[in-house]
Number of protein chains: 2
Amino acid sequence: MRRRDRHDDDLELFELLANLEEIAEATRIPALLCRLLEIYGLKSVAYLGSGLAAQPGQGPYLAVTYSDDWVDHYKAQRFVDVDPAVQIGMRRMLPIDWDTFDRRDKNVRRLFGEAAEFGLGRRGISLPVHGQHGDRALVSITSDASDRDWRHLRLYYMRDFQMLALHMHQAILRLEGQRVETASLSPRERECLLWVAEGKTAWETAIILGLSEHTVRCYLESARHKLGAANNTHAVNKAGKASLLSQIP
Amino acid sequence: MRRRDRHDDDLELFELLANLEEIAEATRIPALLCRLLEIYGLKSVAYLGSGLAAQPGQGPYLAVTYSDDWVDHYKAQRFVDVDPAVQIGMRRMLPIDWDTFDRRDKNVRRLFGEAAEFGLGRRGISLPVHGQHGDRALVSITSDASDRDWRHLRLYYMRDFQMLALHMHQAILRLEGQRVETASLSPRERECLLWVAEGKTAWETAIILGLSEHTVRCYLESARHKLGAANNTHAVNKAGKASLLSQIP
DNA sequence: CGTAAATCCGGCAGATACACCGGATTTAGG
DNA sequence: CCTAAATCCGGTGTATCTGCCGGATTTACG
């Protein structure tokens, strides 16, 4: 990968971040990913977003630099069920080096073997991103760096792409329109919802909070109305995604 | 702040990250924060974690470098209700520069005025961290850098502390023991929970999935059992926090 | 000094959830 | 081949939720 002067790369990173904040059309994303390839000397960059639409049944959001052939093949072979980058990466908080994956599984070896044939690098990192509303993303990069280079490079990649992944996710959320309904709950409404979310009944919640059961029902009702929720379950889910249940108020 | 040679700082960053992964006692956290002060030439570093314990009613987790006096005063004055770093920062995804806060509010000006008296820097950044289970954190740093220096420094601070904040949160989660009950739901169970979370009744869910209402009830029941949940609301909440409702798998 | 919002309380009818009972076939893996 | 798990279906009694009716005081704000 021929990493250029460090300071130049830093400036380029900050420029990229600024670009991501200004980007106005989702169609520009792939071109921006390709710029990443050049700047960082990578073999591939991929963004996989999940839970962006707030409605279930929606497919994941995908933006990649590699060929459609590989994407089609990946989908046809249902590699997503096997791919440790997705299965493990999506369930982590910290970035992960693909070298740490267990390749004893036959299917996993086949996946990485065929990936190489389609032009992906031998080395890879996946960086998980966690949004505020249950939305998630995984930014994966691959490289063909030598073993010796890779040990150092991956740290720098992790650092820069930690920011890039976050800003990328933010940009895509902005463009793909995650509706952010902001309702404000009163402290009591929030408390009641909090305990209902823990599986307590209205009666139990009343005991816990030292209220009458009827009062708890009233708070839950007004909370449902504020949130536009069909029932308590829906209200808990909506309030949770709107981070209204965090105890920080 | 006299930033030293860039490469040295980079190595120090990676060393700090390694330290965070190895840290075995929560009592070591403050000392590590103090090392950050020295290395980066900051006035203060603070970690505020929320939702770590999975049970409501638990207070936030706090680790700071500034004096107990300021913490006590902050709590006594209920500054948390006013503090834009917390109120805005905790509801964002990207880091935020304190310069962008609206200081027209009388209480906000008083907060920052008194903060300076207690030894916090005039400049500040807050970096939000989002965990997998609804847990959150806010890492805030302050500096007394000059206006000219600050414009550049904050970008480098944001980059390094993006990683540091994430690793810090991971370390504290590991130490403060967030129990991660792992139940595995079948695809159908997950689908049913997903629609119930959207406020659908069992009957509506049955229509949507093309099943009988009774079958949906059965899936919900087994899901509740697997998750150890008292009712559907609890199950949705638990499954959501265990990231079992993401449509990826 | 109104007004709005938050905090509280009671009751009732119908819809829904929940637990526990029973049955079936298909599929994956040891 | 056997077992476990996943996929499906039906019924019943009781607990709980939900919506809608009525009331009250306190607090904050302009």
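None of the values given here were measured: they were computed from a predicted structure. Computation of the quantities below employed the complete heavy-atom set of this structure, encompassing side-chain atoms and omitting hydrogens, waters and symmetry-equivalent molecules. By convention in this document, chain letters (A, B, ...) are assigned in the order of the sequence lines, proteins followed by strands, and residues within each chain are numbered from 1.
Checked against dT7(C), dT18(D), dA17(C), the side chain of Asn232(A) finds its nearest nucleotide in dT18(D). Comparing atom distances between the Arg188(B) side chain and each of dT7(D), dC8(C), dC17(D) picks out dT7(D) as nearest. Of the candidate nucleotides dC9(D), dT7(D), dC17(D), dT7(D) has the atom nearest to the side chain of Tyr219(B). Set against dG10(D), dT7(D), dC8(C), the side chain of Thr215(A) has dC8(C) as its closest nucleotide.
Leu220(B) places its CG atom 16 Å from the C1' atom of dT16(D), with the value rounded to the nearest Å. Asn231(A) places its CG atom 15 Å from the C1' atom of dC18(C), with the value rounded to the nearest Å. Atom CD of Glu221(B) and atom P of dT16(C) are 19 Å apart (whole Å). Distance, Glu204(A) CD to dT16(D) P: 8 Å, rounded to whole Å.
Using modelled atom types, one side-chain atom of Arg174(A) and one backbone atom of Glu21(A) make a donor-acceptor pair closer than 3.5 Å.
For Lys200(A) and dC17(D), the shortest distance from a side-chain N or O to OP1 or OP2 is not below 4.0 Å.
Ring geometry for Trp70(A) versus His73(A): interplanar angle of 30 to 60°, hence tilted.
Using a 4.0 Å cut-off between a side-chain N of Lys or Arg and a carboxylate O of Asp or Glu, Glu213(A) and Arg217(A) qualify as a salt bridge. Salt-bridge formation is not detected for the pair Arg123(A)/Asp144(A): no Lys NZ or Arg NE/NH1/NH2 atom is positioned less than 4.0 Å from an Asp or Glu carboxylate oxygen.
Heavy atoms of Arg224(A) sit under 4.0 angstrom from primed sugar atoms or phosphate atoms, though from no base atom. Among the atoms of the strands shown, only primed sugar atoms or phosphate atoms (P, OP1, OP2) are found under 4.0 Å from some heavy atom of Thr201(B).
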